[in-house]
Amino acid sequence: GSIAWKRTDLKQPWGAAMLDGNILLTTDCVLQLDAATGQTRATFGTWNLLRPRGIFVTVSGEVVVIDSGTKLLHVFDGQTHAQLRTLAHTILSRPVGGCVDSSGRFYVCDMSRKAIVVLD
């Protein structure tokens with residue numbers, strides 16, 4: 001591989017996902033970056049994310065951010081970046097990553113429990 005671009009101002013990038021040709025990157029918030037240039041197109045989740053780690057996009061274009069600090073999953077609209085809902089489960093201890101299947105079930109990697117938690 002090669003480095004397409006470099007940003008020295010990024011604060012601890014953790015997770016990345018693609019949406020409509022843009023890279024969604026979790027740092028201390030969510031950055032929407034132009035995949036070709038690395039330029040910031042949007043920033044969201046700045047007020048409610050403590051330690052965002054994982055990020056994925058659902059088939060309907062919702063952006064799901066996994067926050068290990070709050071132990072919550074924050075769901076944003078992929079186009080407007082408005083927060084749609086927050087998901088919580090008492091079993092989550094230190095969620096750090098995840099994905100979604102074609103049925104809409106979320107699979108969350110829990111680092112402390114060394115387990116995959118299924119949320120449907």
Side-chain angles (χ1 to χ4, degrees):
S2 62
I3 298 175
W5 42 263
K6 185 175 180 177
R7 296 260 313 253
T8 57
D9 62 323
L10 294 178
K11 298 177 185 177
Q12 296 183 341
W14 279 91
M18 293 293 293
L19 177 66
D20 299 331
N22 294 296
I23 297 172
L24 299 172
L25 188 69
T26 56
T27 60
D28 56 344
C29 61
V30 179
L31 299 175
Q32 181 179 350
L33 307 175
D34 181 282
T37 66
Q39 295 299 310
T40 301
R41 291 192 168 180
T43 302
F44 57 100
T46 55
W47 58 272
N48 58 346
L49 299 175
L50 183 59
R51 283 193 297 274
R53 297 299 184 247
I55 188 167
F56 58 88
V57 179
T58 68
V59 293
S60 61
E62 294 176 335
V63 177
V64 181
V65 179
I66 300 168
D67 190 331
S68 69
T70 61
K71 302 176 187 176
L72 298 172
L73 277 67
H74 301 274
V75 182
F76 296 90
D77 181 284
Q79 299 302 312
T80 66
H81 308 134
Q83 184 161 351
L84 302 174
R85 62 190 178 282
T86 302
L87 304 173
H89 198 290
T90 56
I91 197 169
L92 292 176
S93 178
R94 192 168 172 206
V96 294
C99 61
V100 62
D101 68 14
S102 60
S103 299
R105 284 185 297 266
F106 296 167
Y107 296 81
V108 181
C109 303
D110 193 302
M111 188 177 209
S112 293
R113 295 191 183 280
K114 297 179 174 73
I116 303 294
V117 178
V118 181
L119 305 174
D120 33 270

Point to revise | Stepwise side chain to side chain contact (heavy atoms under 4.5 Å, CB included) check, Val100 with Val59 | key: CA-CA 8 Å; Val100 62; Val59 293; 5.8 Å; no
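The side-chain heavy atoms of Glu62 and Asp77, taken from C-beta on, include no pair separated by under 4.5 Å. Looking at Leu73 and Leu92, their side chains come closer than 4.5 Å, going by heavy atoms from C-beta outward. With contacts defined as side-chain heavy-atom distances shorter than 4.5 Å, the pair Val63/Gln32 does not qualify. The shortest distance between side-chain heavy atoms of Val64 and His74 does not fall below 4.5 Å.
Closest approach of Cys29 and Phe44 over heavy atoms only: CB-O, 3.6 Å. Nearest approach of Val30 to Leu49, heavy atoms of both residues: CG2-CD1, 4.0 Å. Closest heavy-atom contact between Val65 and Pro52: CG1-CB, 3.7 Å. Residue Thr26 comes nearest to Gly54 through the heavy atom pair CG2-O, 4.0 Å, listed as atom of the first residue, atom of the second, then distance. Closest non-hydrogen pair, Gly38 versus Leu33, comes out as O-CD2, 3.8 Å. Nearest approach of Ala16 to Ile23, heavy atoms of both residues: CB-CG2, 4.4 Å.
Under the rule for a ring pair (Phe, Tyr, Trp, His ring centres under 6.0 Å), the partners of Phe106 that lie at least two apart in sequence or sit in another chain are Phe56.
Screening residues 49-59 for side chain to side chain donor-acceptor pair (under 3.5 Å), with sequence neighbours left out, gives Thr58-Ser60.
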For a quick test of your reading: what N or O donor-acceptor pairs under 3.5 Å do the side chains of residues 112-120 make, sequence neighbours left out?
residue: Arg113; atom: NE; partner: Ile91; partner atom: O; Å: 2.3
residue: Arg113; atom: NH2; partner: Ile91; partner atom: O; Å: 3.2

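Under the 4.5 Å side-chain heavy-atom criterion for grouping Ile, Leu, Val, Met, Phe, Trp and Tyr, Val75 is connected to Ile66 within one hydrophobic cluster. The hydrophobic cluster containing Tyr107 does not contain Leu72, counting ILVMFWY residues as joined when their side-chain heavy atoms lie under 4.5 angstrom apart, directly or transitively. Taken together through direct or relayed side-chain contacts under 4.5 Å among Ile, Leu, Val, Met, Phe, Trp and Tyr, Trp14 and Leu10 form parts of separate hydrophobic clusters. Using a 4.5 Å cut-off between side-chain heavy atoms of Ile, Leu, Val, Met, Phe, Trp and Tyr, with links allowed through other members, Leu87 and Ile55 fall into different hydrophobic clusters.
Using modelled atom types, one side-chain atom of Asp67 and one backbone atom of Leu50 make a donor-acceptor pair closer than 3.5 Å.
In this structure, CG in Asp34 is found 7.5 Å from CD in Gln39, a value given to the nearest 0.5 Å. Separation of atoms CZ (Arg7) and CG (Leu31) is listed at 6.5 Å; rounding is to 0.5 Å.
Within a 6.0 Å sphere centred on CE of Met111, heavy atoms belonging to other residues, nucleotides or ligands number 12 at most.
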